Structure formats: C-alpha cells, structure tokens
**Q** 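Dropping a structure here in structure tokens format, bear with me for questions.
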Amino acid sequence: MLKLEDITWDNFGAVISLKLESLQERFTKPNSIFIAQGYVNVSMNYLNTLKAVTIDNTVIGFAKWVDLPKHTAPYHLTEDATLIDALMIDKAYQGKGLGKQALDLIIESIKED
C-alpha cells in the first residue's frame, strides 16, 4: 500500500538516494536541495511538508509542499495557497501509476489540513 511518511534519520539516506531517468534529471533538482529549501521555509515560518513516498516500508519517492501566505516573496500570490513543490518517483518504480496515487494522497492531505 502506498503511503506518505515523515522523513526521519531512518529513511533520509533512501530519500536522497532516489534516482530519476537521465532524461528527467534536467527538469528538477536533487531531493537534497528540496529538503534544504524546506529548512529555509521553516526558518521563515512557512508551513512546509516533506514526505517519503513508500510501499511496504520501502522508499520509492519524495514529495514536498508548502503553504504560502498571500504576497509571499518570491511568488507574490494574491491569496493564500499551497504549492506542491516536488513529487518524484524513483526510476525503478515509474510507469506503474504510483505518481498519480502519491499525488492523490498529497491532495487529500492538503484538503485535510
């Protein structure tokens, strides 16, 4: 069963070791950069969520989203919003509909909050 789990010291190495297909790499940043950005967001008091995407306790992906108040630099939104900043599934698990399932869980979590 696909789950979104907190990133802990137990799964941190697996999260930052996830890989994309080489052609996909140019469209995103490494997960370690997204995690560092999350730290900066927290220091700026933005509600920031970082999750490991797992199946049966195996890390297969990573997700990050942040709640941004309106007029937040650098976005300058006209109303409060939640930005899904990152969603990636390891290349070994792509093409199985798991990204869509993870996105559905993210949206469900955002709605609950």
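A quick note: this is a predicted structure, and the numbers were derived from the prediction, not measured.
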**Q** side-chain contact (heavy atoms from CB on, under 4.5 Å) with Leu103: which residues, sequence neighbours excluded?
**A**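 Expected list: Ile84, Leu87, Ile107.
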**Q** Under a 3.5 Å distance rule, please check whether Ser17 uses its side chain to pair with a backbone N or O of Gly13 as donor and acceptor.
**A**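 Here the side-chain-to-backbone pair exists.
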**Q** Any chance you could measure Lys51, atom NZ, to Ile7, atom CD1, to the nearest 0.5 Å?
**A**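 Those atoms lie 9.0 Å apart.
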**Q** In chain order, what residues pass the side-chain contact (heavy atoms from CB on, under 4.5 Å) check against Thr54, with sequence neighbours excluded?
**A**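 Per chain and number, Thr54 pairs via side-chain contact (heavy atoms from CB on, under 4.5 Å) with Lys3, Glu5, Ala52, Val59.
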**Q** Walk me through whether Met1 and Ile55 qualify under side chain to side chain contact (heavy atoms under 4.5 Å, CB included).
**A** CA-CA 5 Å; Met1 175 182 202; Ile55 295 179; over 6 Å; no
**Q** Excluding sequence neighbours, so at least two apart, what forms side-chain contact (heavy atoms from CB on, under 4.5 Å) with Leu83?
**A**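 Listed in chain order: Val66, Leu68, Tyr75, Asp85.
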**Q** Starting from Trp9, can I reach Val53 by hopping between I/L/V/M/F/W/Y residues whose side chains sit under 4.5 Å apart?
**A**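 Val53 and Trp9: separate clusters.
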**Q** Please table the atom pairs, donor to acceptor, closer than 3.5 Å between any side-chain atom in residues 22-36 and protein atoms at least two apart or in another chain.
**A**
from, atom 1, to, atom 2, distance (Å)
Gln24, OE1, Glu21, N, 2.9
Gln24, OE1, Gln94, NE2, 3.1
Gln24, NE2, Gln94, OE1, 3.0
Asn31, ND2, Val15, O, 3.1

**Q** May I ask whether Ile89 and Leu50 are part of the same hydrophobic cluster, defined by side-chain heavy atoms of I, L, V, M, F, W, Y residues being less than 4.5 angstrom apart, directly or through others?
**A**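 Per the 4.5 Å side-chain linkage, Ile89 and Leu50 are not co-clustered.
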**Q** Identify the heavy atoms of Asp67 and Thr82 that sit nearest to each other, and give their distance.
**A**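 Looking at all heavy atoms of both residues, the shortest contact is OD1-OG1, 2.6 Å.
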**Q** Looking at residues at least two apart in the chain, or sitting in another chain, which of them share a salt bridge (charged side-chain N to carboxylate O under 4.0 Å, His left out) with Asp104?
**A**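 If we apply the salt bridge (charged side-chain N to carboxylate O under 4.0 Å, His left out) test to Asp104, skipping adjacent residues, the hits are Lys100.
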**Q** Is the backbone N or O of Val40 less than 3.5 Å from a side-chain atom of Asn48, with the two atoms forming a donor-acceptor pair by type?
**A**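 Flag not set: sc Asn48 to bb Val40 has no pair under 3.5 Å.
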**Q** Heavy-atom distance under 4.5 Å between the side chains of Lys64 and Thr49, does that happen here?
**A**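 Not touching, per the 4.5 Å side-chain cut-off.
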**Q** With clusters defined by side-chain heavy atoms of hydrophobic residues (ILVMFWY) lying less than 4.5 Å apart, directly or transitively, does Tyr93 cluster with Phe62?
**A**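 Per the 4.5 Å side-chain linkage, Phe62 and Tyr93 are not co-clustered.
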**Q** Nearest 0.5 Å please: distance from the CD1 atom of Ile60 over to the NZ atom of Lys91.
**A**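 Ile60 CD1 to Lys91 NZ: 15.0 Å, rounded to 0.5 Å.
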**Q** Could you state the interatomic distance from CG (Asp80) to NE2 (His71), rounded to the nearest 0.5 Å?
**A**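 The distance works out to 9.0 Å.
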**Q** Could you check whether any side-chain N or O of Asp90 sits under 3.5 Å from a backbone N or O of Ala92, counting only pairs where one atom can act as donor and the other as acceptor?
**A**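 Yes; at least one donor-acceptor contact below 3.5 Å.
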**Q** Looking at every heavy atom in both Ala102 and Leu2, which two are closest together, and how far apart are they?
**A**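 Smallest heavy-atom distance, with atoms named: N-CD2, 3.3 Å.
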**Q** Just to verify, what does Asp10 make a side-chain contact (heavy atoms from CB on, under 4.5 Å) with, not counting sequence neighbours?
**A**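 With neighbours one apart ignored, the set is Thr8.
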